[in-house]
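One structure below.
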Amino acid sequence: MIRFDRVTKRFPDGTVAVDELDLTAPTGKITVLVGPSGCGKTTSLRMVNRMIEPTSGAIYLDGTDTADLKAAEMRRGIGYVIQHAGLFPHRTIVENIGAVPTLLGWDKKRIQERSMELLERVGLDPSVARRYPSQLSGGQQQRVGVARALAADPPVMLMDEPFSAVDPVVREQLQDEFLRLQDELDKTIIFVTHDIDEAIKMGDQVAVLRVGGRLAQMADPAYLLTHPADDFVADFVGRDRGYRALSFQASPRLPLHSERTLLMGEATDRTDEWILVVDDEHRPQGWVEPSRLSGPVTEADLQRGGTVARASGSLRAALDAALSAPSRRGVIVDDSGELIGTVRAHEVLAAIEDADRPELQDDDQAGSPAPDPAAEHTPS
Amino acid sequence: MTWIQDNWTVIFPLGWSHAVLAGVPLVIGLILAIPLGWAARRWRRAYPVIVSTSGLLYTIPSLALFILMPLILGTQILDPVNVVAAMTVYTVALLVRTVADGLGSVPDHVQQAATAMGYGGLRRFLVVELPLAIPVIIAGLRVAAVSNVSIVSVASLIGVSQLGDLLVDGFNRNIPGELLLGIAACLALALVFDVVITAVGRALTPWTRTARA
Ligand SMILES: Nc1ncnc2c1ncn2[C@@H]1O[C@H](COP(=O)(O)OP(=O)(O)OP(=O)(O)O)[C@@H](O)[C@H]1O
Ligand SMILES: [Mg+2]
């Protein structure tokens with residue numbers, strides 16, 4: 001657990017970057033700091049590993065005041081990932097990953113094994129091991145940055161806009177893979193971003209900071225979207241917050257309609273407007289218009305525009321499936337990808353109207369963070 | 001030209017002492033310039049002082065410095081140590097700035113990553129910052145080497161012999177062949193220094209020669 005206790009940072013030029021910050025990052029969770037440029041996110045993060053010393057207040061790591069620890073030693077137990085990865089250009093990829101274990105005095109063989117293991121863990125080909133960072137793409141470098149931070153298996157990780165220097169497609173991949181990793185690793189993470197979508201995706205809880213380094217609101221993502229504390233937070237979380245909040249609402253039992261299907265390679269004499277095509281294992285492949293078919297259905301006849309939602313997924317996914325299907329019938333599958341039925345948009349909307357929103361907390365006022373929102377405002 | 005045919009082997013002993021008088025100060029100067037350059041980076045206010053003082057040293061005429069050295073060091077007037085010491089001053093003068101700028105060329109995010117991973121000050125300097133400054137330092141070293149080879153020839157005027165002797169003698173006795181040989185030998189020596197330094201630099205910086213994948 002990382003706890004900020006009334007932490008203030010005033011730089012010598014008088015800038016107050018962080019103002020009386022009280023914040024707790026629970027063990028094993030991702031706490032996101034989000035806010036506009038210059039609101040003190042990086043400063044807050046760097047005060048944890050004492051790259052910046054607080055002007056007043058204290059930061060506790062599992063109850064120990066970090067001011068009482070030796071800075072260099074403490075840092076070896078805190079993984080740190082930054083925007084451009086900050087890899088050592090003069091060191092090969094394995095050497096980069098093995099940097100902290102080397103500082104810790106591990107023996108060579110163990111460092112080598114650990115580095116190669118991590119290389120694969122973050123989805124890199126072992127063949128890049130002997131390359132230098134400049135020979136890797138930005139996305140690959142960022143993966144190495146993550147691997148390097150994980151090398152000595154630190155319980156705590158600090159991540160400063162780790163995925164913001166790569167293109168959106170790669171960013172999404174890196175985010176998904178990192179969330180999968182975190183599922184296994186359960187690190188205590190503070191994650192800085194200026195992108196609210198990333199904050200909502202990555203965070204178990206999200207702290208919104210305003211310029212001047214004051215905490216505007218701290219809550220879990222669903223609560224933040226449904227109950228922004230004030231205009232600043234509401235503005236910051238954005239326009240389509242109502243729609244995005246649906247991501248956190250599991251689909252209740254939707255009224256599913258059975259869908260008549262066509263197997264790949266079959267012909268039909270039906271004249272329905274749209275028919276759903278499935279493969280041998282009953283997995284949806286796409287929609288066809290029978291009137292345009294001349295013989296058995298082939299790959300080329302498929303309309304693949306529609307998204308597919310899992311029955312165990314969110315209301316947002318179910319609604320999107322209905323809206324994106326050319327037939328307007330949203331395809332719902334089970335966890336193994338088999339078709340269970342279809343649902344219409346109005347039925348999803350009805351389900352949304354019946355679903356509970358996260359309840360407003362009585363003690364929730366603008367600027368006063370709930371003590372442990374992750375535990376309290378779990379979306380229903 | 002017959003002079004060259006009869007006497008060309010003199011370039012070996014003279015060239016060797018020329019190489020020593022120019023090369024040894026290059027090494028000592030580099031070793032001194034590294035902590036000075038580091039200090040210039042470490043204390044921002046020291047940077048202009050250190051850089052301009054060392055720059056000023058370079059403007060002292062070499063003959064004056066050669067003659068001053070025995071007074072400062074208490075050595076004999078003909079002692080080659082005077083030349084080595086004076087040349088070291090020039091080398092330091094050139095390299096302090098180079099080292100400081102080389103260290104300055106290390107990307108911020110790399111330094112910060114090193115600090116955040118728990119590299120202590122000295123280790124960070126030796127393992128991260130200095131290696132990354134090598135390309136800039138090598139470039140400065142090449143300039144210093146050529147400058148040293150050229151300045152050392154003046155030492156003939158204070159009786160320390162090296163390739164400069166050929167120039168002085170060739171001029172005094174009006175032997176164009178000797179002059180020519182002296183110039184050619186100096187050029188060749190400067191070239192050897194350059195090739196050696198470049199080769200060492202390449203060996204030390206394998207990461208700079210990797211094609212982007
Ligand atoms: N060393 C410094 N000296 C003076 N002011 C500083 C220093 N470092 C940061 N600041 C100021 O402190 C404030 C917070 O900076 P910080 O880098 O923490 O912002 P940030 O939230 O990380 O912004 P961004 O999203 O742009 O990275 C800014 O106004 C910045 O100008
Ligand atoms: Mg920042």
Side-chain angles (χ1 to χ4, degrees), chain A residues 42 45-46 48-52 69-93 95-104 125 127-128 130-138 140-141 144-145 148-149 151-152 154 157-161 165, chain B residues 34 37-38 41-47 98-99 101-141 197-213:
Chain A
T42 297
L45 197 72
R46 289 196 183 157
V48 176
N49 65 3
R50 290 181 44 207
M51 310 255 292
I52 297 177
L69 301 170
K70 282 182 107 177
E73 280 169 31
M74 171 185 71
R75 289 173 188 149
R76 291 172 202 168
I78 301 180
Y80 189 71
V81 189
I82 49 176
Q83 187 168 7
H84 290 281
L87 300 181
F88 297 152
H90 61 307
R91 292 296 176 81
T92 61
I93 299 308
E95 288 168 348
N96 264 285
I97 299 177
V100 178
T102 305
L103 285 177
L104 293 171
D125 195 283
S127 67
V128 304
R130 300 275 155 221
R131 293 207 204 147
Y132 289 102
S134 65
Q135 295 170 289
L136 265 53
S137 71
Q140 289 173 320
Q141 290 185 30
V144 177
R148 183 173 69 171
M157 303 249 291
L158 306 176
M159 308 181 76
D160 195 348
E161 311 209 7
Chain B
I34 287 173
W38 173 82
R41 289 288 315 167
R42 175 72 180 69
W43 293 284
R44 285 214 196 119
R45 254 171 285 168
Y47 181 86
T98 298
V99 171
D101 293 350
L103 293 173
S105 74
V106 178
D108 241 15
H109 61 101
V110 174
Q111 298 205 36
Q112 275 161 13
T115 308
M117 283 193 287
Y119 282 83
L122 182 65
R123 179 147 29 183
R124 193 182 69 200
F125 177 72
L126 293 177
V127 181
V128 180
E129 294 168 3
L130 196 55
L132 288 174
I134 289 175
V136 176
I137 293 177
I138 290 293
L141 214 49
I197 292 170
T198 309
V200 170
R202 282 174 65 92
L204 290 177
T205 59
W207 69 89
T208 57
R209 289 190 307 283
T210 49
R212 185 80 174 58

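If you measure heavy-atom distances from B:Val127 to chain A, the contacts under 4.5 Å come from both the backbone and the side chain. In this structure, the portion of A:Arg46 lying under 4.5 Å from any heavy atom of chain B is its side chain and not its backbone. Contacts of A:Ile78 with chain B are made by backbone atoms alone, with heavy-atom separations under 4.5 Å and no side-chain atom involved. For B:Gln112, the parts lying near chain A are the backbone and the side chain together; criterion is any non-hydrogen pair under 4.5 Å. Using a 4.5 Å cut-off between heavy atoms, A:Leu104 makes no contact with chain B at all.
Between B:Arg124 and B:Thr115, some side-chain heavy-atom pair lies under the 4.5 Å cut-off. Side-chain atoms of A:Gln83 and B:His109, non-hydrogen and from C-beta on, never get closer than 4.5 Å to each other.
Under a cutoff of 6.0 Å and an axis angle of 45°, A:Arg75 and B:Tyr119 do not form a cation-pi pair.
Using a 30° and 60° split on the angle between ring planes, A:His90 and B:Trp207 fall in the perpendicular class, above 60°.
Among B:Pro107, B:Gly120, B:Ala114, the residue with the largest count of heavy-atom pairs under 4.5 Å with chain A is B:Ala114. Ranked by heavy-atom pairs shorter than 4.5 Å toward chain A, the options B:Thr205, B:Leu132, B:Ile134, B:Val106 are led by B:Leu132. Taking chain B as the reference chain and counting heavy-atom pairs below 4.5 Å, the highest number among A:Arg91, A:His84, A:Arg148, A:Lys70 is found for A:Arg148.
Between the CZ atom of B:Arg123 and the OG1 atom of A:Thr102 there is a distance of 9.0 Å, given to the nearest 0.5 Å.
Of the residues A:Leu45, A:Ile82, A:Val81, the one that meets the side-chain contact (heavy atoms from CB on, under 4.5 Å) test with A:Leu158 is A:Leu45.
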